[in-house]
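First the proteins, then the strands, lettered A, B, ... as listed; each starts at 1.
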Amino acid sequence: MASKTEKQVWETFVRRSGELKEGDAMPMVLRDLAPGRKKYRMRHVVATVRRNAQEAMDLLCVRTVVGVQLPETWGVKILRDLPIELPGKPYRDFYEALKAAAEK
Amino acid sequence: MFNDTRDFIEALRSSGDLHEIEKEVHWDLELGAVCRLACEKDGPALWFKRITDYSQEMTAFANPMATWRRVALAFGLPPDTSLKEIYAEYEKREGRLIPPAVVKGGPCKENIKLGQDADVYDLPAPMLHDGDGGRYLGTWDIAVSYDPQTKWMNWGMYRFMVYNSQYLSGFPRPTSHFGKVFQDHYVALNQPMPMALVIGADPISHFTAAATYHLGGEEAALAGGLRGAAVELVRCETSDLLVPAHAEIVIECEVLPNASGLEGPYGEYPGYRTGEMGNGIFCLVTAITHRNNPILTIDATGYRDDSSTITALTGAVAIKRRLERHGVPVLEVNIPRESAVHMAVIGVKYGGKQVAREILETLTSRRALISKIFLVEADLDVYDLGKVIHAFSTKCHPAHGIHVVHYEGRANTLTPCYSQRERAMQKGATVLYDCTWPGEWSREWEVPVKATFDTIFPQSVQEKVLAEWKSYGFKD
């Protein structure tokens, strides 16, 4: 866990350009980039993002659907957690399940 | 035959096919990078003795059968056995089944952790490639599942990634045997499916898990037949599944019928990371059991990985059997290692358009893993890729020697040349390049005579030249 002075660094995957929208509360999957045994631990959240991280925000790295890291680092503020077991169907669109859980 | 991974490691050490790394290596990309480069150099199998963040009791063994030498050794053959002989040996043993033996206990039960005490972060799962969706714990594994209707115990080798301490996500293809059993018998009833992810069993058991084998076939019995001895199985702690008793690690799970998790993307056996992401399965870990000083087994997926040998070999034999059952005059099938299981060379007694179409339709009527087929005649060694290229270049008619079948719902979704939309719809195509002479051509008047030593000279001249070869001043 980052100390109060250090920003926590998360990472997310997006399937299309423009998927991240500033200001909107969005369901997301984040993975924790803090060093240690549990690096890459996944978390389901509702969060807001900004292109430039503000003071109360953690940092967010973004990767595309083929795993390429995009150059821009965003700011992310986690508003609430979503269940780790997202109601959904196997082999179906995970992002639809994420969206449905956020709307409940 | 090898009882476990440790026996196999000893054999590889004796033959010079093992490299042991004492230096500390980080599980986060460094270990994966070492494995990947070793694969690309056709290097030995690797045993990492010290992994960052983990005690020295926990080690990792990578690229177990990524060369034909190591495949030969796993079969108990000399390491320099030819590819053709390895294929023949597998074919010879494949029909012989020895059912597994259920035992009361085994080394995989030396340590048992149940429920919340079972933490997957206790295992040094590597981040194998930069940009993968997660740390892949299941790469050289056996995913054990059970069809309650047919009482069929299925083994498969599928990828599974760490989600958090208690959850994994994975991608056994929906058209795979695992995927079919899960969807038909558990999702349909909204019931969790018990699964055991076995890591570090004997090498032949992993081989059969990755094998192309018919629906309903018991891979455990196939493994017994290939080994010449029954595989010993022991019951899981939290389900009635049976797992290899000498495995290094067993992760017992419930595959959830009504939950979703992100899975992938992942750098896969075709040698690319294609953006298969999100549409997998989600599993709750219910127990982890392991041997003392457990060894995590890893396949560094990508170009020239373990799939390039073992899936190629079993896939080729499965294709041959299928074609034989459909009356195709097949002689031999080779899936070249460099093709990443995307291409097959099929040798037939006689070819022509009808045979070509029959082969294409037979091999694409169910799930179609191969997207390129080269059809060649009996006079060509299917293992000699130089000769295959010659046949393709000279005998495949560019206008009417190329046959294509399109399909939907059964394509290989990891095929890099398919678009993301095609992969989502399991849509694809298979092309067959007919490198045989048309059947209606007269052998005396129309079929070109091959200008090679063994075809364009009388037998007497060939014999004379061969007998007197060194007398011409040649050394060999």
Side-chain angles (χ1 to χ4, degrees), chain A residues 1 9-17 19 26-47 60-71 73 81-104, chain B residues 26-28 52-54 119-125 127 129-135 161-167 169-175 179 182-183 186-187 193 255-267 272-284 416 420 424:
Chain A
M1 251 342 220
V9 186
W10 303 95
E11 193 164 64
T12 194
F13 285 81
V14 294
R15 288 185 294 183
R16 283 167 284 275
S17 169
E19 212 163 81
M26 301 174 55
M28 301 177 79
V29 60
L30 299 180
R31 63 183 190 177
D32 188 349
L33 296 189
R37 248 197 204 199
K38 299 200 176 182
K39 186 179 177 187
Y40 303 112
R41 176 181 62 96
M42 304 292 239
R43 197 170 158 188
H44 300 152
V45 301
V46 174
L60 179 66
C61 300
V62 182
R63 289 195 185 258
T64 69
V65 70
V66 291
V68 170
Q69 190 176 62
L70 296 175
T73 301
D81 274 275
L82 294 173
I84 199 70
E85 283 188 26
L86 290 177
K89 285 271 177 240
Y91 299 119
R92 298 289 191 272
D93 190 353
F94 161 76
Y95 287 92
E96 289 299 318
L98 195 61
K99 190 174 159 203
E103 286 167 359
K104 280 198 177 156
Chain B
H26 208 300
W27 57 264
D28 191 4
T52 307
D53 292 335
Y54 293 87
D119 182 347
V120 290
Y121 287 115
D122 287 344
L123 305 169
M127 177 57 86
H129 317 103
D130 184 40
D132 280 352
R135 296 168 63 176
M161 112 186 177
V162 174
Y163 218 77
N164 65 17
S165 295
Q166 247 74 55
Y167 290 88
S169 60
F171 190 62
R173 277 185 283 243
T175 53
F182 177 48
Q183 291 172 97
Y186 292 90
V187 175
M193 180 173 88
V255 189
L256 302 178
N258 50 14
S260 197
L262 183 70
E263 193 281 332
Y266 180 59
Y272 291 89
R273 186 165 56 213
T274 50
E276 257 311 305
M277 184 178 81
N279 303 337
I281 63 173
F282 200 55
C283 314
L284 170 67
Q420 289 179 11

Item to check | Between A:E96, A:M42, A:R92, the one whose heavy-atom pairs under 4.5 Å with chain B are most numerous | outcome: A:M42

Item to check | Heavy-atom donor-acceptor pair, B:R273 side chain to A:V66 backbone, under 3.5 Å | outcome: yes

Next on the checklist: For A:D93, give me all partners under salt bridge (Lys or Arg N to Asp or Glu O under 4.0 Å), at least two apart in sequence or on another chain.
Outcome noted: A:R15

Checklist entry - Where on A:Y95 is there a heavy atom nearer than 4.5 Å to chain B: the side chain, the backbone, both, or neither? => result side chain

Item to check | Side chain / backbone / both / neither for B:Q420 at chain A, heavy atoms under 4.5 Å | outcome: side chain

Checklist entry - With respect to A:P90, which candidate in B:F182, B:F282, B:Y186 satisfies the side chain to side chain contact (heavy atoms under 4.5 Å, CB included) definition? => result B:F182

Checklist entry - Where on B:P257 is there a heavy atom nearer than 4.5 Å to chain A: the side chain, the backbone, both, or neither? => result backbone

Item to check | Choice from B:D130, B:T274, B:L256, B:V187 maximising heavy atom contacts with chain A below 4.5 Å | outcome: B:D130

Item to check | Distance, nearest 0.5 Å, that separates OH of B:Y121 from CZ of A:R37 | outcome: 11.5 Å

Checklist entry - Is it the backbone or the side chain of B:Q166 that comes under 4.5 Å from a heavy atom of chain A, or both, or neither? => result neither

Checklist entry - For the atom pair CG (A:D32) and CG (B:N164), what is the distance rounded to the nearest 0.5 Å? => result 11.5 Å

Next on the checklist: Does any backbone or side-chain atom of B:T52 lie under 4.5 Å from a heavy atom of chain A? Answer side chain, backbone, both or neither.
Outcome noted: neither

Checklist entry - Side chain, backbone, both or neither: which part of B:N258 has a non-hydrogen atom closer than 4.5 Å to chain A? => result both

Item to check | B:D119, part contacting chain A, at a heavy-atom distance under 4.5 Å | outcome: side chain

Checklist entry - How long is the gap from CG on B:D132 to CZ on A:R63, to the nearest 0.5 Å? => result 9.0 Å

Next on the checklist: So for B:Y163, is it side chain, backbone, both, or neither that comes closer than 4.5 Å to the heavy atoms of chain A?
Outcome noted: both

Next on the checklist: If we ignore hydrogens and angles and just use 3.5 Å, is the side chain of A:R31 paired with the main-chain N or O of B:G133 as donor and acceptor?
Outcome noted: yes

Checklist outcome for this item: Honestly, the part of B:Y167 sitting under 4.5 Å from a heavy atom of chain A is side chain

Next on the checklist: Within the 4.5 Å heavy-atom criterion, are B:S169 and A:F94 side-chain neighbours or not?
Outcome noted: no

Checklist outcome for this item: Highest number of heavy-atom pairs under 4.5 Å with chain B among A:E11, A:H44, A:Q69 belongs to A:H44

Checklist entry - Relative to each other, are the rings of B:W27 and A:Y40 parallel, tilted or perpendicular (30° and 60° limits)? => result perpendicular

Item to check | Atom pair NZ/CG of A:K89 and B:N279 - distance to nearest 0.5 Å | outcome: 14.5 Å

Item to check | Which portion of A:I84 sits near chain B, non-hydrogen atoms under 4.5 angstrom | outcome: both

Next on the checklist: Is there a side chain to side chain contact (heavy atoms under 4.5 Å, CB included) between B:V162 and A:R41? Walk through the geometry before answering.
Outcome noted: CA-CA 8 Å; B:V162 174; A:R41 176 181 62 96; over 6 Å; no

Checklist outcome for this item: Per-residue tally against chain B (heavy atom, under 4.5 Å) across A:G36, A:A101, A:P83 peaks at A:G36

Checklist outcome for this item: The interface call for B:D28 against chain A, heavy-atom contacts under 4.5 Å, is side chain

